[in-house]
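Written out below as structure tokens is the structure these notes cover.
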Amino acid sequence: MSKKEEIKQELESSEEMSTADALKEYAEEEQAAVAASEEKKADSKKKKKNNRTPEEEKERALKSVKRRKKLKYGTLSVVISVVFIAIVVAINLICGMLDERYNWNIDLTSEGLYQIEDQTVEFLHKLNDDVKITVLANEAFFFEDANLKVLAETLTRFKTESNGHITVEYIDANKNPEAISVYKQNYSGDLQSGDVVISKGDLVRVIAMSNGGYRTNGPTTYLFQQETSIDYSTYQQTSSLSFVGEQSLVSAIMGVTDLNPVKIGMIDMTNGIQIYDERDSYCYQRIKELLDKNNYEVESVDIATAELSADYDVLMLCSPTNDLTEAQIQKITDFLNNDNKYGKNLLYFGSPFKSKSTQNLDAFLEVWGLKFGDAYISESDEMAAQVASIAIGTVGGIPVVKPNLEAELNVNYQSSTLPIIAPLCCPIERLYDQNSGRNTKALLSTAETCYLYPLDESAKDLDPAKAEKASFDVAVIADSTFTTGSDILKSQVTAFGSAWFIDYIVGASAGSYDNANYFINVMNTLTGKEAAMTIAEKSLDTAHITVSDSQSKAIRNVTVIIIPFAVAALGVIVYVRRKNR
């Protein structure tokens, strides 16, 4: 390296060292300045503190304590609020899940619209079969309508109390028509939107939404019952709506879980033509509804073309207006004989509208010791006579009948304070009490103040005051017994004066007449069937509350003045107390 380069290198090194020394010196000066400033502040603070009076020092200390206290309690308040909100959210979630499982809703309605009966709860607790309830309607509808909500809540409680054995599903039948086709495989009737299907495997029961309208081959039980009546003193029409769904649902569930249902063959046609008068059809429909509701399996039978299967426990011949042929009568006789095994039943209803030419039917009944009169029974005692609305109008002079408690068929009937009436019932004459293994016994009879009202032109010349008065039988049981060894075999014919005993209106008036209850009791005893539960209907009519002017003012003062003033005063008190802490 040349001398010149060495001198240059020394100069550059000298410049770098000078720059580093200068930076170091600058940093030291800055630190000294900061230290001097802090020392100056400390001296100033110390001097200021030394210059404070004792009162100022005390005030300063109190403010410091308050600041620390506010910070402490403020933080604690935030923590408590967060924890409280978290607990409330957790409890709400838990309660929501428990409510979904156990349905903890509280029913505050006066009639308990959203509750189910204790006997229903007990029945559901004992249910061991899995049952599916399918509502053929959009679920949203049941929360938009107050009446439909009663059904939705009832279904929820059924599901909750069944310990998982009942499932509930809503299907919009209009959007999912294939859902209906699944049930049509095991249900021969018509299905439509709004129906409720109860199913267990291949067993299906269907309940209509309401009794409004007429369906030729639809369900005969329903969830809502609409009734219309006329006040004949003012000729004003009134209507009422009630919920009978709990009874219908329980009966349907019993129906699909009963492995040995009682089967009834209802003889209602001959060669495709109905055998009863059109006026009697109202009674026919109510009888079928009652049987369906009480879990009897009812099947329509054409006596001309069908074989009377031994699977039927009971045949029902309802108000035939014309005669049957000898061959058809023989079918019924063979059914009751049951290959000499007996054990079968016939339920027969007369009709005030039947033809006079019924020789074959009359001869058949006479063999069983029964003869129907060509008149209907009327009550002459105005104090005892009943006036009732029936399907064809209002009828007066209706007799009240009493059950014969000595008859075996009445042993399970619990006498009610409600009357049993016999509108348009023909008298039944018992031709004998006992004859060659056949026996007859009265089930229901009128008082001795009754007379017969003719069904022909002679009625216009009748003077009720001069008519012969007597007690008449309106229901009779006749049996035919055969003894073999220690066994007594028996078949029976149970006859009612007419189907109007279960008129469409009378049969539904459970709060006025005991006809339906008596009829089902007879059927249960006759067939050895366990009685279905009886559940009261629930009125859905809106209750109107009348509020006087003084009550209205009192309510307004409380809600508009007193309550808001009390809330505002409480807020001011809380604010002032917190501010002074």
Side-chain angles (χ1 to χ4, degrees), residues 260-268 275 287 291 294 296-301 303 306-320 324-350 358 360-372 404 406-413 428-444 473-497 499 519-530:
N260 298 296
V262 175
K263 296 183 179 181
I264 297 179
M266 184 174 278
I267 302 174
D268 56 0
I275 66 172
I287 292 169
L291 293 172
N294 286 273
Y296 286 90
E297 192 173 301
V298 183
E299 182 177 317
S300 177
V301 174
I303 187 63
E307 294 297 326
L308 301 182
S309 171
D311 291 339
Y312 295 133
D313 299 284
V314 180
L315 278 183
M316 190 174 85
L317 187 54
C318 185
S319 304
L324 301 183
T325 66
E326 292 183 2
Q328 293 168 355
I329 293 292
Q330 189 60 47
K331 283 185 178 183
I332 298 174
T333 300
D334 291 343
F335 170 82
L336 291 170
N337 186 55
N338 193 24
D339 292 330
N340 293 321
K341 292 181 290 188
Y342 294 84
K344 297 297 182 180
N345 293 283
L346 172 68
L347 189 65
Y348 183 90
F349 289 91
T358 54
N360 295 329
L361 269 174
D362 294 343
F364 167 78
L365 292 171
E366 286 178 7
V367 170
W368 288 84
L370 306 175
K371 183 177 181 180
F372 280 71
N404 177 12
E406 294 182 359
E408 292 183 8
L409 213 53
N410 288 333
V411 294
N412 295 323
Y413 174 66
I428 305 174
E429 181 184 352
R430 290 184 292 126
L431 301 180
Y432 51 77
D433 291 332
Q434 188 175 22
N435 182 22
S436 301
R438 296 183 186 272
N439 305 277
T440 63
K441 183 158 288 191
L443 295 176
L444 294 172
D473 296 335
V474 297
V476 175
I477 184 168
D479 63 55
S480 177
T481 60
F482 179 77
T483 303
T484 171
S486 59
D487 297 328
I488 298 178
L489 307 178
K490 180 190 297 184
S491 284
Q492 301 175 109
V493 174
T494 305
F496 286 85
F519 172 69
I520 291 301
N521 181 82
V522 165
M523 290 298 300
N524 291 340
T525 305
L526 189 68
T527 60
K529 180 179 175 61
E530 182 180 354

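For the side chain to side chain donor-acceptor pair (under 3.5 Å) test with Gln492, the passing option among Asn439, Asn345, Thr481 is Asn345; the others fail.
Across all their heavy atoms, Val474 and Ile428 have their closest contact at O-CD1, 3.7 Å. Of all heavy-atom pairs spanning Met316 and Leu291, the tightest one is SD-CD1, 4.4 Å. A pairwise comparison of heavy atoms in Ser491 and Gly343 identifies OG-N, 3.2 Å as the closest pair. Lys331 and Ala306 get closest at one heavy-atom pair: NZ-O, 2.9 Å. Taking all atoms of both residues into account, the shortest heavy-atom contact from Pro261 to Glu297 is CG-OE1, 3.5 Å. Of all heavy-atom pairs between Asn404 and Asn410, the closest is O-ND2, 2.8 Å.
Aromatic ring centroids of Phe364 and Tyr348 lie 6.0 Å or more apart.
In this structure, Thr440 and Leu431 have side chains that are not in contact, with every pair of non-hydrogen atoms separated by 4.5 Å or more.
Taking NZ of Lys344 as the start and CG of Asp339 as the end, the distance is 10.0 Å to the nearest 0.5 Å. With values rounded to the nearest 0.5 angstrom, Glu366 atom CD is found 10.0 Å from Tyr432 atom OH. Distance OG1/Thr333 to CG/Asn338: 13.0 Å, rounded to 0.5 Å. For the atom pair OG1 (Thr494) and CG (Leu370), the distance works out to 9.5 Å, reported to the nearest 0.5 Å.
Remark: Tyr342 pairs with no residue by the ring pair (Phe, Tyr, Trp, His ring centres under 6.0 Å) rule, at least two apart or across chains. Residues forming a side chain to side chain contact (heavy atoms under 4.5 Å, CB included) with Thr358 (at least two apart in sequence, or on another chain): Asp323, Lys354, Leu361, Asp362. Qualifying side chain to side chain contact (heavy atoms under 4.5 Å, CB included) partners for Glu326, counting only residues two or more places apart in sequence or in other chains: Asn360. For Glu299, the side chain to side chain contact (heavy atoms under 4.5 Å, CB included) partners two or more places apart in sequence, or in a different chain, are Tyr312. Under the rule for a side chain to side chain contact (heavy atoms under 4.5 Å, CB included), the partners of Gln328 that lie at least two apart in sequence or sit in another chain are Thr270, Ile303, Ala304, Leu324, Thr325. Take Tyr296 and apply the ring pair (Phe, Tyr, Trp, His ring centres under 6.0 Å) test, not counting sequence neighbours, and it matches no residue.
Other residues, nucleotides and ligands contribute over 12 non-hydrogen atoms within 6.0 Å of the CD atom of Gln330.
Between the side chains of Asn412 and Thr525, at least one donor-acceptor pair of N or O atoms lies under 3.5 Å.
Ring geometry for Phe349 versus Phe519: interplanar angle of 30 to 60°, hence tilted.
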